[in-house]
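Presented below is the structure to which this report refers.
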Amino acid sequence: MVLIGLLVRFLRRYVRQISVLVVLLVGQTIGNLYLPNLNADIINQGVVVGNLHYILRTGEWMLSLTLLIGLASVVAVYWASRVAMGAGADIRQAVFTSVQRFSARDMNSFGTASLITRNTNDIQQIQIFLQMALTMMVIAPIMCFGGIVMALHEGAQLSTLLLVAVPVMAIFISVVMVKVIPKFRSMQTRIDRINEVLREQITGVRVIRAFVRDDFEADRFDHANVSLTDTALSVNRTFALMMPAMMVILNLSSVAVIWFGGRLVSEGSMPIGNLTAFLTYILQILLSVMMAVMVAILVPRAAASAERVMQVLETTPVIEDPRSPVTPRDLNGRVRFNGVSFSYPGSERAVLEGLTFTFEPGATNAIIGGTGSGKTTLLNLIPRFFDTSSGVVSVNDVDVRDQARDDLWHSLGIVPQSAYLFSGTVASNLRFGRAQASNEELWRALKVAQASEFVSQMPGALDAPIDQGGTNVSGGQRQRLAIARALVKRPNVYLFDDCFSALDAATDARLREALATETQGATVVIVAQRVSTIMHADQIVVLDDGRIAGIGSHGELLESCVAYREIVVSQLGEDAAR
Amino acid sequence: MSMGMGPMRGAGVPVQKSKNLRGTTRRLVARLAPERLKLTMALVLGVASVAFMVSGPQILGNATNVLFDGIVGAKLPVGSTKAQAIQLLRAHGQGQLASMISGMNLVPGVGVDITRMGEVLGLAAVVYVGGAVFNYLQGFTMAGLTQRVMFQMRQDVEAKLSRLPLRYFDSHSHGDVLSRVTNDIDNLTTTIQQGLSQLITSILTIVGVMGMMFWISPLLAAVSIVTIPLALVITMLIARRSQSHFVAQWKKTGTLNGLVEETHTGHELVQVFGRSDFVVDEFARQNRSLYEASFRAQFLSGIIQPSMQFISNINYVSIAVIGGYRVAGGLLSLGAVTAFIQYSRQFTMPITQIASQMNMLQSGVASAERVFEFLDADEEDLELTPASGHEPVSGRPGSVELDHVSFRYEPGEPLIEDFSLKVEPGETIAIVGATGAGKTTIVNLLVRFYEIDSGRILLDGIDYRELGRDQVRRSFGMVLQDTWMFSGTIRDNIRYGRPDASDHDVVAAAEEAHVDSFVRTLPEGYDTVLDEDASNLSSGQKQLLTIARAFLADQSILILDEATSNVDTRTEVLIQEAMSRLREGRTSFVIAHRLSTIRDADTIVVMDRGRIVEQGSHEELMKVNGVYFALYNSQFSGAST
């Protein structure tokens, strides 16, 4: 089972602690089992013969034993908490770390939201299970086994009763479990469903309100809530049967013990004190079974969570570093596509086909084309977010697949289509790519990105707080900060993915002008929708349905490329195309 | 809200206390109020069940007595009376034994009365089975009760989500809000489900068992009673300390959730900017601090149970010793002691149970507090009941007037200042201006995502404040920057704006938004299920779907907020045509950055720092040679430089 695999893997570190824990728990349980035995002695050798001294002496011994048991269990709880919480933290760290190595495709196949749940909620379930399991799973078998041994010791004949009681209980529990476990699984998926709906409602709050669909959303939630409640109700009602049924089995066993035991005692084949002890042992044996059940209740949920966590841990990223990476001799920033084609796995249609061109250092290169023409996909091949289906992408004159990705990324500065900022301050965001950048450098980058004005007006300026995602600044400000962030990094290849779209035309123009001097010597690649953004580029690649429709300067393309001309006419009017 | 950026606090620093333990608990209890009847029923069933269960050991004790009487009786000379036997024993110097026998109900020379024992045991069996039946009925009732309470709690959270102002979502970390409505609710449900029923049974059992104990032997009962305050004090001492750690644990879980969410969302940026190691370290730091808090919480609450067991064992030993003395002294029967030992187990078991439930309860209360905090967050201001006659806003012409409107997100930071604008039905208003001029804010105010601070907005001559928010929003069709889709089919997503639209209408809207041909290339067509982040669509495709959605919604006023920035120019030309068709007879607000797309607007409003600086048609504004002129020309500056 996956759960066991996961636990074995993460508990290995704690073998010593667990051994100590087991020893303590064994000691504690044996002590608890021995107490009724002493009690039997008090009755047989103290009460029945009226030996007060014996009663007192045994009482003292019982008391010290009790103290030892108490100490042992406190230390046991200490180690159980350390191990359970420690292993939980280890799993969280492992999941988080392995997601860091994921490629874009791995991220997509899991979904961000699902990865978050796996990283927190799922691990929490495993942690709760572990905490219970570490104590009860150890105690229960020892208590059960020890109880049987002691019971045999007290009265071998009576122990045949156990041959009836224990199987009856086991069968009953199995029946309930078989009924309940599938329901538990469906309960888990329904909890997931509720969380999914809530998550969507939080992220989509603007759209929901704009369309006044609160009622619809309430219905959607209501539906999920009702179905969760129904399942939970049926699970809990089945469980309501469990306790009383166990109690009946347990208590009827006690009645049987006295009935059969009474006969043995009256025949003189068993001392009466043993009867009382026997009752306690029966109680403990059945109690241990119940304990096991309590842990078992947690198993289905923990197992489902373990599977989800394991999936993340066992994912081999689609893209990994080469075994012997090649370090580029010269970080010149040249980006070259040679016969590059790309199609998504399982898809027959190629998104990109037969692309060959070179983005030279010191030049501004532009990519223009319609939605779905493959512009962003093309850009994603450069940082190796995806691998080509055929052909070679090289950066710094070395195939990207032969480079260590950290080295590759070191050369690149990316400004994505939708600007995303991290919680912290303006400065902490700007230093994202180069932690040691000075404040002067930050301001310089902000100036180029046309962001210095609004940043200086923010309370605290560089130290102004930024919320997660950058939601406390406007879309245009976010984009300019994202551009500044890339500038601070000072890479030799800049990739701007349609990131000027939220800027007004005037800001756009000023920014591009400033950018030109700032990025001198570096390779600049701009993806854009607006012709005005790219028309002065040194080289423009016109993409149409994943193929190159034309390459050249603005003037050349106006002459030679029909698709480009169409775009120019539609945006700037007939005059501009002349 | 910079989180976790500061230096780690030392482990010795006291963690924050649960702000209001008692208040939160009281509110949780108040949630049970609607279930009063069922709760009473469960209590009655519980009392019945406990009464039966509790008399069991007493009856079993009687059986032991019958047995013991028989055994001792058999050892005494046949034919003698009990008094004679006692005298005989005293004469032989066995005073101890004699006094014990004096307290027994035996006939010398007669062995165990099997028939009588059978009767007693039969009664015990009946009592046990009866107790179990009542117990089951109680559990059954409680299951329904707790599920309904939690159902309602979740419904309340959902309802709250729809009443919170947008300000709340804009100013709180999504990860933390999500953690409250999922992780914390989840934890609370588990607590109530497992904790409440057990708590009731445990308390009833304690009371019942105590009664029985006093009935059997006031002395032994008094001994046992002494352990109760001891148990209570220990539990409370420990619980108080661990509670604060539970609060810290859930708070840190929320923070960690926030970090995970943001790192995963910005995954590629983190990679390319070489921040992976840093982020992993940051996670390790927060993870470590979560670990410390959760370890403390678990350990502290975990030692409650062994402490209770220790007290229980002391109690057990005391009963065995003192009971032994009493039996030997003839003051108590052996059956009573056996029964008592069973009782003392039954008595300490619920205390131990309550104690072991304590950590669950504590953690549950900590979660409840976070949930209540969420439920208590400031809501949108109560709306005036819409005045009669104002109801049918749809079908109205759609004139909008902003009259001296001022607004600020943060007090003291004016954003929109004294903004006035009158829009006649059917007009197209283009709002342009530098980034940060307040264009998006105007949209937020128009659809009442935020409420204005002063001035008024009129819709067809009616003040917004006299209308319901929904009435206002129903008049607007929107295409926002936000290309949010819910997990469902493409068809249902397009239909989002008008739920009663027919399939035919959906396809028609899709055709107008030029998304139909793309949808048809998908294997499942309109029934394609979009996943959570709609990651199976490109951003352009998502944008097209949102446009189709707005087409279908068909409202009298349109807001297009940077809607076309992700659509390629060729498709955009077609959309422009469709848009102008759609704009016919409708009032439209267009917020675009490409000035070419708004040239034909009736009025162009140029904004700067929250104010209108210029206003007029394209031709008029070009003549003015002002801000708009400069903006318009800068668009082509790329060509000239």
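Note on naming: letters A, B, ... go to the chains in the order of the sequence lines (proteins, then strands), and numbering restarts at 1 for each one.
When every heavy atom of B/Tyr128 is checked against every heavy atom of B/Gly56, the shortest pair comes out as OH-C, 3.4 Å. In terms of heavy atoms, A/Arg485 sits closest to A/Leu421 at NH1-CD2, 3.8 Å. The two residues A/Pro383 and A/Ile414 make their nearest non-hydrogen contact at CG-CD1, 3.8 Å.
Chain B forms the most heavy-atom pairs under 4.5 Å with one residue out of A/Arg263, A/Arg213, A/Arg220, A/His410, and that residue is A/Arg213. When the candidates A/Ile194, A/Val197, A/Leu198 are compared by the number of heavy-atom contacts under 4.5 Å with chain B, A/Leu198 comes out ahead. The residue among A/Thr97, A/Val248, A/Leu241 with the most heavy atom pairs within less than 4.5 Å of chain B is A/Leu241. Among the candidates B/Ser162, B/Ala553, B/Ser307, the residue making the largest number of heavy-atom pairs closer than 4.5 Å to chain A is B/Ser162. Options B/Leu166, B/Val181, B/Leu161, B/Val129 differ in how many heavy-atom pairs under 4.5 Å they form with chain A, and the most are formed by B/Leu166. Interface summary for chain A: among B/Val447, B/Asn257, B/Val177, the most heavy-atom pairs under 4.5 angstrom belong to B/Asn257. Your options are A/Thr376, A/Leu38, A/Val74, A/Asp214, and the one with the most heavy-atom pairs under 4.5 Å with chain B is A/Val74. Chain B forms the most heavy-atom pairs under 4.5 Å with one residue out of A/Leu252, A/Asn225, A/Leu115, and that residue is A/Asn225. Put simply, of B/Thr146, B/Thr189, B/Ile303, the one with the most heavy-atom pairs under 4.5 Å next to chain A is B/Ile303. For the set A/Arg405, A/Glu217, A/Gln28, the entry with the most heavy-atom pairs within less than 4.5 Å of chain B is A/Glu217. Your options are B/Val157, B/Val133, B/Leu164, B/Val66, and the one with the most heavy-atom pairs under 4.5 Å with chain A is B/Leu164.
Partners of B/Arg154 according to the salt bridge (Lys or Arg N to Asp or Glu O under 4.0 Å) rule, which considers only residues two or more places apart in sequence or in another chain, do not exist here. When the ring-ring contact (aromatic ring centres under 6.0 Å, His included) test is applied to B/Phe476, no partner is found at least two apart in sequence or on another chain.
Remark: the backbone N or O of A/Met62 is paired with a side-chain donor or acceptor of A/Thr66 at under 3.5 angstrom. A/Ser73 places no side-chain N or O within donor-acceptor distance of the main-chain N or O of A/Ala76, the cut-off being under 3.5 Å. Judged by distance alone, the side chain of A/Lys489 and the main-chain N or O of A/Leu412 form a donor-acceptor pair under 3.5 Å.
When heavy atoms are compared at a cutoff of 4.5 Å, A/Phe216 approaches chain B solely by way of its side chain, counted from C-beta outward. Both the backbone and the side chain of A/Val226 come within less than 4.5 Å of a heavy atom of chain B. Residue contact with chain B, scored on non-hydrogen atoms closer than 4.5 Å, involves the backbone of A/Arg101 exclusively. Heavy atoms closer than 4.5 Å to chain B are found in both the backbone and the side chain of A/Phe422. For A/Ile534, no part lies near chain B; criterion is any non-hydrogen pair under 4.5 Å. Heavy-atom distances place no part of A/Phe239 under 4.5 Å from chain B, backbone and side chain included. Proximity to chain A (any heavy atom under 4.5 Å) is shown, for B/Ser276, by both the backbone and the side chain. Neither the backbone nor the side chain of A/Leu65 comes within less than 4.5 Å of any heavy atom in chain B.
Residues B/Phe449 and B/Phe169 keep their aromatic ring centres 6.0 Å or farther apart.
The closest side-chain donor-acceptor pair between A/Arg82 and B/Tyr291 falls under 3.5 angstrom. Judged purely by distance below 3.5 Å, without hydrogens or angles, the side chains of A/Ser423 and B/Glu262 pair a donor atom with an acceptor atom. In the model, B/Glu158 has a side-chain atom that pairs as donor or acceptor with a side-chain atom of A/Gln201 under 3.5 Å.
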